Amino acid sequence: MAAIHLRVHEAGGPALLFEKVKGSKFRAASNIFGTLVRSEFIFRDSLKTVQQLIELKDDPVKAIKSPFKNFSAGLAALKALPKKNPFQKPVLFEEIKLTDLPQIQHWPMDGGAFVTLPQVYTEDIDKPGIMHANLGMYRIQLSGNDYEPDKEAGLHYQLHRGIGVHQHKANKKGLPLKVSVFVGGPPSHSVAAVMPLPEGISEMTFAGVLGGRRFRYCYEDGFCISTDADFVITGEVYPNDNRPEGPFGDHLGYYSLTHDFPVMKVHKVYARKNAIWPFTVVGRPPQEDTSFGKLIHAMTGKAIQQEIPGLKEVHAVDAAGVHPLLLAIGSERYTPYSPARQPAEILTIANHVLGTGQLSLAKFLFITADDDNALSTNNIETYFRFVLERINLKRDIHFYTNTTIDTLDYSGESLNSGSKVVLAAYGEPIRNIGNNHTGVFNNLNGFENPKPVMPGVIAIQAKAFSDYKTAAEEIGMMNIQLSMINAQRPVDDQLKTIAFIIICDDAGFVSETMNNFLWVTFTRCNPSHDMYGIGSFTENKHWGCTGPLVFDARIKPHHAPPVEKDAGIEKKINRFFEKGGSLYGVL
Amino acid sequence: MSYHSLEACLLDLEKNGQLIRIKEEVDPYLGNGGHTPACTRSWRSCFAV
C-alpha cells in the first residue's frame, strides 16, 4: 500500500481509496493532502477566513478599521466553540480491537505497523477540559517490538511538544495520563493537529473554524471522544513506563531507530460505521507532509513577521528534511549612519528565531538582509548565491555547541543532543563565485571526483568515514594541500571563488541536483563536529577560516540508514498501473 | 465545504476527479519477511577515539 501511495504521490496523482485491505474489514485512504492545490480545494471555503483570523490576532486594530471585511471572520468564530455531547455520536457505532485496524507497514525495516495521521488528544490534569487540551500528531506504533498485541501501543513524541507537559504534570501526581487517539474525521481535524498554534489557542477551536463545523466531542469512561472521527483509541500512559519504539522510516529520509518511548495501555477502540483509515507515508522529501507544510505556511506566513520583529521571511527547507536547514531574511536597521555594513540586527533576529517554537529546532540557520527587497527564500539557489557572495567566513559563522536538536536528527552526539550554527551575511559582495571550476581540486591526495554543485560550492569524494580522529587527519591533509596552493597563487586564485567544499561519499549524486546537495549536506552534518575550514583559526573564542568552509557530509557510523524502496515490492505493484488495474492511465 | 466526515470529503474529491478507488485487494505489509534489524546503534562507535 505504501509503495502504491509513493508512486502516485511522486507523479502528483490523485487521492487514493483502498477498498479492500488484506486482513481488515476497513477501507483506507491516502494522498488526501498530496498536492497543495488539493489541500486548498478541500478548505476552499474557509482558507481566507482562517488567514483573516490569524491576521486579526496580530492586529486587533484591523478589526475596528474594516468591520465589513471582518464580519465573516466573526461568523466563523461561532464555529470555533467545541460542542459537547452532540445528539449523534457516529464513532461509538462499534467497539473493535487494535488488530482489526489496517496494519500498514511502510518501509522494509520499520518495526511494525504505525498510525501516521493520528490526532493525539491529552488534557492538562491541573486544568481539565477541552479548552486547555492539546491535540498533536505523534506517530503511534500499533504492532511489533515488545508490545502486547491489542493491549499496548507505542507513543512517539518529541521535545517541545505539548503532550510532554501534560505527561509531566500527571506523573508528578503519580497518575497515568489519559490519552485519546482520533483517526480520520473531517480533514480539518488532521490539519489542526499539525498546526503550530500560539500558546493558549486550542486546536479544537481551530479545527472548528477551518472545517466550518464545530468540533464535536463527548466523554466515555473519562476519555475524550471526537464523535466525528472514524476511529478512536483510548488508553493510559503510566509514569516511567517506556518501551523500545521503532525503527520507522521518517521525514528526514532516514530510519529513526529504536529508542525507549512511552507506552500506551489500550483501554478501548471505537469505529464508526463504514469507517475509513487515513494514512500517509513519510520518507525522503518531498512527500505528502510537504504539502501539509505548504498549507500551514499559506495560513500563517504573514504571522511570522509579527511574532519576530525585523524578520521578513523564513523557509524551513523541505528537501533538507525541514528542521536541519532554515533560510531567513531579516532587516538591517541598526547603524544606517555607518558605511561599513556587516551583520548586526540579523544576529539578534537569529537568536529570536532559535528561541521561537518549532523554528528553534533549526540546525543550520542562514540569515541575510536585502536592502532592495528582491531576494526570496523560495528560490534556494539564488538565496545561496546571495549569501555565498557576501559571507565573511572569518567573521560570520556562529556556533551553538552542546545543545539540543531535533529527535529525528541522528547527526549529533546522542539522541536530542548536538549543535547548531548561524551563518549570517550582509553587505557588499566580497567573493566572485561566478566561475565554477574544479581545477585546484583535481589532484588532491586522499580526495577524488570533484564536481561543481552550484557557483561557489564544490562536492568532492573521500573514502568512507571511520571516526572523528581520522576525519580530522584527512581534512588536515586537505587543508595543508589547499593552503600551499593558495600561497602559490594569490589574488586570482580559483580557491577564492569557492565558499563551500562538501566532502561526501558520492560527489556525482550530490552535484546531480540541488535537492541532493541540500539533503546530503544538511542531514549528515553536525555543525560543531562536521564543519572544518581551510586556514581555520580560533581567536578570542571565535572560530573562523580564511579559505573555504568544509562540510564533512559523509555518512557516519552513528547515522541512521536511509530509507530505500524495495525493488521486489516495486515490481509487485506494477499490476495496479497496467491495463485492467485500478490505476491504469491515472499517472 | 464543511465536511461532517472523512468520507464526505473523499466523495467530494471523487466528484471533482481528485480521487481514485483501488478495487483490488492490497497488502498493507511492505516488509522484508519479518526481519527487524537491530537498529539500536551506539554513538560511541565513532566518538571513542
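Convention: sequence-line order gives letters A, B, ...; per-chain numbering from 1. All values derive from a computational prediction rather than experimental measurement.
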Value rounded to 0.5 Å, distance of [atom1] in [X] from [atom2] in [Y]:
| X | Y | atom1 | atom2 | answer |
| --- | --- | --- | --- | --- |
| D27(B) | K572(A) | CG | NZ | 5.5 Å |
| S5(B) | K273(A) | OG | NZ | 13.5 Å |
| T227(A) | H4(B) | OG1 | NE2 | 12.5 Å |
| L587(A) | I20(B) | CG | CD1 | 9.0 Å |
| D230(A) | E7(B) | CG | CD | 8.0 Å |
| S2(B) | K79(A) | OG | NZ | 6.0 Å |

Among R575(A), R272(A), H189(A), R38(A), residue most engaged with chain B (heavy-atom pairs, under 4.5 Å):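 The residue among R575(A), R272(A), H189(A), R38(A) with the greatest pair count is R38(A).
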So which of G184(A), G185(A), G212(A) has the largest heavy-atom pair count under 4.5 angstrom toward chain B?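 Sorted descending by pairs with chain B, the first entry is G185(A).
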With a 4.5 angstrom heavy-atom cut-off, could you sort out which part of L10(B) is near chain A: side chain, backbone, both or neither?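 Looking at L10(B), just its side chain touches chain A.
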Intermediate values then yes/no, salt bridge (Lys or Arg N to Asp or Glu O under 4.0 Å), D12(B) and R44(A): CA-CA 12 Å; D12(B) 186 37; R44(A) 58 194 178 277; 3.2 Å; yes
Charged N to carboxylate O below 4.0 Å: is that the case for E19(A) and K23(B)?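 A salt bridge links E19(A) with K23(B).
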Which answer fits [X], side chain, backbone, both or neither, if we ask what part of it has an atom under 4.5 Å from a heavy atom of chain B?
| X | value |
| --- | --- |
| R216(A) | neither |
| V21(A) | both |
| L210(A) | neither |
| P186(A) | both |

Between [X] and [Y], is any pair of side-chain heavy atoms under 4.5 Å apart?
| X | Y | result |
| --- | --- | --- |
| I42(A) | C9(B) | yes |
| E24(B) | F576(A) | yes |
| I32(A) | L19(B) | no |
| E14(B) | P14(A) | no |
| I22(B) | I4(A) | yes |

E473(A) CD: over 12 foreign heavy atoms closer than 6.0 Å: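 Counting neighbours around CD of E473(A), more than 12 heavy atoms of other residues, nucleotides or ligands fall under 6.0 Å, so yes.
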Using atom types as modelled and distance alone, determine if a side-chain donor or acceptor of Q105(A) lies under 3.5 Å from a backbone N or O of P28(B).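 It does not hold such a pair.
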Begin from the C-alpha positions of K20(A) and V26(B) and carry the test side chain to side chain contact (heavy atoms under 4.5 Å, CB included) through to its verdict. CA-CA 6 Å; K20(A) 276 187 211 145; V26(B) 289; over 6 Å; no
